[in-house]
Amino acid sequence: MMWIVTFPLLYFFSYGQYAPVVPACIDLLLGVGLFVFLTLVETILPLKQAKVTAIIFTVINFVCLVIPFLEWAYYLIFWHCLTPASLMAVYLTNINESMDFVQVNLKLNIVIFMGMLIIFIYTAYKCNRVIIAKTQFSYFSKKQKTASIFLLVLMIVYLYSVFPHNSIMLNWLDISNYMNQTQRYTTEYSKRYDDLILDKKETLAQTVPGTVILVVGESASRNYMKAYTPDFPLDDTPWLQQCMNDDNFVVFRNVYSCWVQTVPVIERALTEASQYNKKEFFESASVLDVAKKAGYKTYWFSNQGKYDEYDGAITLIAKTADHSEWMDDSYVFTEKYDGALLQVLPKVDPNENNFIIIHLIGSHFTYANRYPTEFEKWKGKGKISADDSYANSILYTDYILSQIFDYASNNMHLQAMIYCSDHGEDMKITHNPDNFKFDMARIPMFVYLSPEYQKNFPMRTNVLRNNETQFFTNDMLYDTVCGILNAASNHYDTGQDFSSLQYRFNLQNLTTMLGQKKLTEDPYLNN
C-alpha cells in the first residue's frame with residue numbers, strides 16, 4: 001500500500017495536480033508485486049519459531065519500504081516531494097554534509113515521522129504473527145506447493161523487471177546518466193581547448209600585467225547583509241560597506257543566482273553554458289581555458305571537498321588549472337575555516353600574470369561551523385533558524401575577502417578582483433530548490449578594478465559602473481570575466497557580458513531556477 005499511495009499523494013500535495021500516469025502506475029504495480037511476493041515467501045518458508053520469524057519478516061517489510069519511508073521523511077522536512085534536484089544533492093553529498101543535514105533538520109516533524117515508523121513496525125510485527133499462525137505450507141497439496149513455488153519465481157522475475165522503472169529510480173537513473181555525461185568534460189577537453197580561439201595581443205594580461213582573482217562564495221544572501229539591506233539589524237559587512245564608498249569598486253545591487261545548489265550553478269557560472277543559451281556543460285569552454293589562452297598562469301584554491309565516486313563538475317573544471325589545491329584534499333566536506341586559503345596565496349609567483357579562482361566554504365550550513373570563535377560577535381546556537389550564527393559566518397567571509405584583497409593588492413600587482421556567491425540562503429530551509437524562496441537567489445557580487453585597469457579600459461569600467469543597479473544572473477559570469485580580461489573569443493557572447501555595451505538583459509527578460517522563475521516574481525522588488 002505504501003508504494004501504491006506515496007508518490008501520487010506527495011506529488012498531489014506538492015503541486016496540487018495528479019501525478020504523471022506512467023510512474024504512478026509503475027509504483028502501483030510494484031506495490032502489488034511486493035505484497036504478493038512477501039506473502040508467498042512467508043507462506044512457503046518453513047516456520048518453527050513464530051516470534052523470530054515474525055521479527056525477520058518485519059525487517060524485510062521495512063527494507064522493502066525504505067524508499068517510500070524516505071519520501072515521507074523528506075516531505076515532512078520540506079513539505080515537498082522528492083525531485084531530481086533534491087536527488088542530485090543526495091547523489092553528490094558526503095558523510096560530513098549528511099551529518100550537518102541531520103543536525104539542522106532534526107526537529108518536531110522528524111519526531112512525528114519516527115513515531116509513525118514505530119507504529120508501522122509494531123503493526124507489521126502483529127500482522128506477521130497472524131499470517132504465520134494461519135499459514136501452514138506443509139498442509140498444501142503437491143500441486144499447490146508446485147504452483148506456489150512457480151509463482152514465487154515468477155514474482156522475482158516480475159519485480160526485477162519493474163523495480164528499475166519506479167518513480168524514484170527513474171529520476172535516480174537520469175541523475176546517474178547526467179553524472180556519466182559530465183565525464184565528457186575531461187575526455188573531450190583537448191578538442192574543446194584547441195577550438196578556443198582568441199587574439200591575446202590586446203588582452204588584459206598583455207596590456208596591464210598582473211593578477212586577476214575570482215572569488216566564488218557559498219550560500220551568501222544579500223538579504224542578510226547589512227551593506228545591501230540597511231534595515232538588517234546585524235552589522236555583518238563592515239568591509240563591503242567601505243567598498244561601496246570606494247571608486248575602485250563596483251558593488252552590484254541586483255544580482256541573482258541561476259539555481260540554488262552549488263554544482264548546477266558553478267558549472268554554468270564558470271563556463272559558457274547558461275540558462276539562456278542552453279549549451280551543455282561538457283561542450284563549454286571555462287574561464288580557466290580563456291585565462292590560459294589570454295596569457296595567465298591559472299590557479300584553483302578551494303576550501304570545499306571533492307565529491308565521491310565521480311569527480312563533480314566543479315572538480316572537473318578545477319583540475320584544468322595549471323595548479324589546483326584543496327585545503328582538505330579528500331572526498332569530504334572541509335572542517336577548516338576559509339582562513340586556510342590565506343596561507344596558500346604566497347605560493348603564487350607575483351612576477352607572473354596570474355588568474356586565481358578561490359572557492360570559499362562561506363556560509364554553508366551548519367553556519368556556526370564556518371567561523372572561528374573570535375568571530376562569534378552574535379551569540380547564536382548554530383540552528384538553521386538563527387540569524388545570528390549566519391550573520392557571524394557572513395562577517396567572517398567579509399573579513400576573508402578583505403584579507404585576500406589586501407594581500408593581493410600589496411603583493412600580487414592586483415588588477416581586478418571579482419566576488420560572487422553561488423546562491424543565497426533561507427534561514428528556515430537553507431537552499432532547497434523544491435521549496436524555492438527568492439532569499440536563496442538574491443546574492444552579492446562586486447568587482448574591483450585597479451586605477452591602472454581603469455586608465456587602460458575606461459569604457460569597460462564605465463559600463464560596469466553604469467550597471468551597478470542593473471539586473472544580472474551569475475550564469476553569465478563567464479562572459480563577464482572574459483570581458484574584464486578583454487579576451488573576446490569564438491566562445492564568448494557579448495550580450496551576456498555585464499561589462500559590455502551590448503549586454504542585452506534586464507529585469508523583464510532575466511530568470512532564475514534555470515528559467516522556471518522570472519526575476520519579476522521576486523516579492524522583495526515590491527518592498
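Starting from 1, each residue takes its place in the sequence as its number.
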Return yes if some donor-acceptor pair links the side-chain N/O of [X] with the main-chain N/O of [Y] below 3.5 Å, else return no.
X	Y	answer
Asp426	Ile429	yes
Gln454	Leu449	yes
Asn486	Glu202	yes
Asp27	Thr6	no
Asp475	Ala273	no
Arg465	Thr461	no
Asp338	Ile361	yes
Thr366	Asn369	no
Asn166	Ile26	no
Ser450	Tyr453	yes

So, for Tyr185 and Ser284, which heavy atoms are closest and what is the spacing to 0.1 Å?
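Closest heavy-atom pair between Tyr185 and Ser284: CE1-O, 3.6 Å.
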
Give the minimum heavy-atom separation between Gly483 and Tyr492, together with the two atoms involved.
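What the structure gives for the nearest pair is N-CE1, 4.2 Å.
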
May I have all residue pairs that pass salt bridge (charged side-chain N to carboxylate O under 4.0 Å, His left out) and include part of [range], sequence neighbours excluded?
range	answer
residues 272-285	Glu272-Lys279
residues 238-256	Arg253-Glu468
residues 490-506	Arg460-Asp497, Asp493-Arg504

Without hydrogens or angle criteria, can the side chains of [X] and [Y] be said to hold a donor-acceptor pair below 3.5 Å?
X	Y	result
Tyr503	Gln470	no
His491	Asp195	yes
Thr473	Tyr276	yes

Should the pair [X] and [Y] be assigned to parallel (<30°), tilted (30 to 60°) or perpendicular (>60°) ring geometry?
X	Y	answer
His359	Trp300	perpendicular
Phe405	Tyr448	perpendicular
Tyr256	Phe471	parallel
Phe375	Tyr396	perpendicular

Please report the C-alpha distance between Tyr296 and Leu204 in whole Å, then the side-chain angles of each, then the deciding distance to 0.1 Å, and finally whether the side-chain contact (heavy atoms from CB on, under 4.5 Å) criterion is met.
CA-CA 10 Å; Tyr296 289 95; Leu204 175 61; 3.3 Å; yes

Enter the distance from [X]:[atom1] to [Y]:[atom2] here, rounded to the nearest 0.5 Å.
X	Y	atom1	atom2	result
Gln261	Asp422	CD	CG	10.5 Å
Ile484	Ser500	CD1	OG	11.5 Å
Leu477	Cys420	CG	SG	5.5 Å
Cys25	Leu28	SG	CG	6.5 Å

Check the pair Gln304 / Ser302 against side chain to side chain donor-acceptor pair (under 3.5 Å), numbers first and verdict last.
CA-CA 5 Å; Gln304 295 206 21; Ser302 176; over 6 Å; no

Flag the pair [X] / [Y] as yes when at least one side-chain heavy-atom distance between them is below 4.5 Å, and no otherwise.
X	Y	result
Arg442	Arg222	yes
Ile394	Leu234	no
Trp259	Pro433	yes
Tyr367	Glu425	yes

Is Lys293 close enough and on-axis enough to Tyr193, meaning under 6.0 Å and within 45°, for cation-pi?
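The answer is yes, since Lys293 meets both limits relative to Tyr193.
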
Working for side-chain contact (heavy atoms from CB on, under 4.5 Å), residues Leu288 and Lys319:
CA-CA 10 Å; Leu288 290 169; Lys319 286 185 174 181; over 6 Å; no

For the ring pair Tyr224 and Trp378, is the centre-to-centre distance below 6.0 Å?
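Not under 6.0 Å, so no.
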
Within the 6.0 Å centroid threshold, strictly below: Tyr399 and Tyr371:
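Not under 6.0 Å, so no.
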
Once ring-ring contact (aromatic ring centres under 6.0 Å, His included) is applied, do any residues pair with Phe252, and if so which ones, sequence neighbours excluded?
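For Phe252 the ring-ring contact (aromatic ring centres under 6.0 Å, His included) partners, ignoring immediate neighbours, are Phe498.
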
Any chance you could lay out the side-chain contact (heavy atoms from CB on, under 4.5 Å) test for Tyr524 and Thr229, step after step, and finish with the verdict?
CA-CA 11 Å; Tyr524 293 100; Thr229 309; over 6 Å; no

For Ile317 and Ile357, what are the C-alpha separation, side-chain angles and deciding distance, and is it a side-chain contact (heavy atoms from CB on, under 4.5 Å)?
CA-CA 11 Å; Ile317 297 172; Ile357 295 179; 5.7 Å; no

What I want to find out is whether Glu188 reaches Arg192 closely enough, with some N-O distance under 4.0 Å, to be called a salt bridge.
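No, Glu188 and Arg192 are not salt-bridged.
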
Got a sec, which residues hit salt bridge (charged side-chain N to carboxylate O under 4.0 Å, His left out) with Asp439, two or more places apart in sequence or on another chain?
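Listed in chain order: nothing, the list is empty.
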
Pair listing, side chain to side chain donor-acceptor pair (under 3.5 Å) test, anchored in residues 507-520, at least two apart:
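Residue pairs with at least one partner in residues 507-520: Gln275-Thr511.
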
